[in-house]
Asks: 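Here it is: the structure, laid out below.
Worth knowing before you read on, the calculation uses all heavy atoms, side chains too, and leaves out hydrogens, waters and symmetry mates. Chain letters run A, B, ... following the sequence lines, proteins first and then strands; every chain starts at 1. Predicted model only: the values in this text are computed from it and were never measured.
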Amino acid sequence: MAIKNNKSNKSTEQPRSLTKQYSFFEDVYEVVRQIPKGRVTSYGAISNYLGTKVSARMVGWAMNAAGSAKPKVPAHRVVNSKGILSAKALFPSMEGLLAKEKIKVENDKIIDFKNLFWDPAKELSID
DNA sequence: CGTGTGACCGGCG
DNA sequence: ACGCCGGCCACAC
């Protein structure tokens, strides 16, 4: 998947600027799709993985458009750095979806978050 | 092309 | 420990 290549695409990669379809949102979506079932990650972790070119806020904002993404993005597996379902208000099905993944949630907070946490920067490696 | 905005994060009082 | 404040940057209007 060359996700990491996006970060260091100098000229070898196809300029996404030409095709608006592949905006940085796609980068975020791809990472989110890599999240294993039963695991979660944070907006900050994703922004950290993609690089300084994006901020955590952008990730969250990208998720806002994730609902319109074609291959469905498991946005429910993305929470804030505290393991709180900050998106639940805008994504009501979130908790239910997490439940199907055997992820325990209490008071909008993921139980044993640090254990279920999936850091793309570590799991996906840097090659 | 300027301004506002956002599913965030980390620091500080 | 908790709440507020500023910074972060792409995208919509």
Side-chain angles (χ1 to χ4, degrees):
Chain A
M1 9 248 105
I3 300 174
K4 203 64 182 177
N5 284 343
N6 289 335
K7 177 180 183 181
S8 55
N9 72 338
K10 312 266 182 182
S11 56
T12 52
E13 284 291 322
Q14 299 176 13
R16 289 165 289 152
S17 312
L18 297 177
T19 55
K20 204 170 168 72
Q21 287 184 353
Y22 294 93
S23 56
F24 92 103
F25 289 102
E26 285 297 329
D27 290 343
V28 177
Y29 297 158
E30 245 186 290
V31 175
V32 175
R33 291 193 196 106
Q34 308 311 311
I35 303 174
K37 187 177 182 179
R39 292 292 188 76
V40 295
T41 192
S42 71
Y43 305 92
I46 295 172
S47 72
N48 179 54
Y49 171 72
L50 292 177
T52 55
K53 64 175 184 174
V54 299
S55 65
R57 284 185 108 149
M58 298 306 93
V59 177
W61 194 21
M63 301 317 299
N64 187 29
S68 307
K70 287 303 145 52
K72 293 185 179 176
V73 179
H76 58 281
R77 296 183 188 147
V78 185
V79 298
N80 66 15
S81 62
K82 297 179 183 60
I84 298 174
L85 282 60
S86 56
K88 188 184 157 199
L90 303 178
F91 206 18
S93 57
M94 191 176 195
E95 187 169 349
L97 291 170
L98 288 173
K100 300 181 78 142
E101 317 226 340
K102 312 303 180 194
I103 297 176
K104 293 165 187 163
V105 177
E106 186 175 335
N107 293 334
D108 299 346
K109 183 180 58 193
I110 292 180
I111 304 301
D112 202 10
F113 173 59
K114 67 181 182 71
N115 195 312
L116 297 176
F117 184 68
W118 181 85
D119 189 350
K122 291 181 180 179
E123 302 299 328
L124 294 181
S125 246
I126 305 178
D127 278 307

Asks: Side chains of residues 57-74 of chain A: which donor-acceptor partners sit under 3.5 Å, not counting sequence neighbours?
Replies:
none

Asks: With a cut-off of 3.5 Å and sequence neighbours excluded, list every side-chain donor-acceptor pair involving residues 89-103 of chain A.
Replies:
unit_1 : atom_1 : unit_2 : atom_2 : d
A/E95  : OE1    : A/K88  : NZ     : 3.1
A/E101 : OE1    : A/G38  : N      : 2.8
A/E101 : OE1    : A/R77  : NE     : 2.9
A/E101 : OE1    : A/R77  : NH2    : 3.3
A/E101 : OE2    : A/H76  : NE2    : 3.2
A/E101 : OE2    : A/R77  : NE     : 3.3
A/E101 : OE2    : A/R77  : NH2    : 2.8

Asks: Quickly work out the A/F24 CZ to C/dC8 P distance and round it to whole Å.
Replies: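 Between P of C/dC8 and CZ of A/F24: 16 Å.
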Asks: Can you measure A/K53 atom NZ to C/dC11 atom P for me and round it to whole angstrom units?
Replies: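 Roughly 10 Å, once rounded to whole Å.
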Asks: In whole angstrom, what separates A/L98's CG from B/dA7's P?
Replies: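 Spelled out: CG on A/L98 to P on B/dA7 is 18 Å.
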Asks: Could you tell me how far apart A/M63 (CE) and B/dT5 (C1') are, to the nearest whole angstrom?
Replies: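 Rounded to whole Å, this separation is 18 Å.
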Asks: Taking the side chain of A/S55 as heavy atoms from C-beta outward, which of B/dA7, C/dC9, C/dA10 is closest to it?
Replies: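 Ranking B/dA7, C/dC9, C/dA10 by closest atom to the A/S55 side chain puts C/dC9 first.
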Asks: Nearest whole angstrom, please: distance from the P of B/dA7 to the CD1 of A/I110.
Replies: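 Spelled out: CD1 on A/I110 to P on B/dA7 is 18 Å.
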Asks: Figure out the CD/P separation between A/E26 and C/dC11, and round it to whole Å.
Replies: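 Rounded to the whole Å, the gap is 12 Å.
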Asks: Ignoring the backbone of A/A75, work out which of B/dT5, B/dA7, C/dC8 is nearest its side chain.
Replies: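 Selected nucleotide (nearest to the side chain): B/dA7.
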Asks: Could you run down nucleotides 8-13 of chain B 5' to 3' and tag each one B, S or - for protein heavy-atom contact under 4.0 Å?
Replies: BSS---
Asks: Quick check for you: to the nearest 0.5 Å, what is the distance between A/Q34 atom CD and A/T41 atom OG1?
Replies: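 Here the rounded value is 12.0 Å.
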Asks: Apply side-chain contact (heavy atoms from CB on, under 4.5 Å) to the pair A/F113 and A/V79, showing each step before the final yes or no.
Replies: CA-CA 10 Å; A/F113 173 59; A/V79 298; 3.6 Å; yes
Asks: Starting from P on C/dA10, measure out to OH on A/Y29 and report it in whole angstrom.
Replies: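 These atoms are roughly 15 Å apart.
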Asks: B/dT5 C1' sits how many Å from A/W61 CH2, rounded?
Replies: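 That distance rounds to 7 Å.
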Asks: Say you draw a straight line from CZ of A/F117 to OG of A/S81; how long is it, rounded to the nearest 0.5 Å?
Replies: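 Answer rounded to 0.5 Å: 9.0 Å.
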Asks: Look up atom CD1 in A/I46 and atom CG in A/D119, then write down how far apart they are to the nearest 0.5 Å.
Replies: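 Output value for this atom pair is 10.0 Å.
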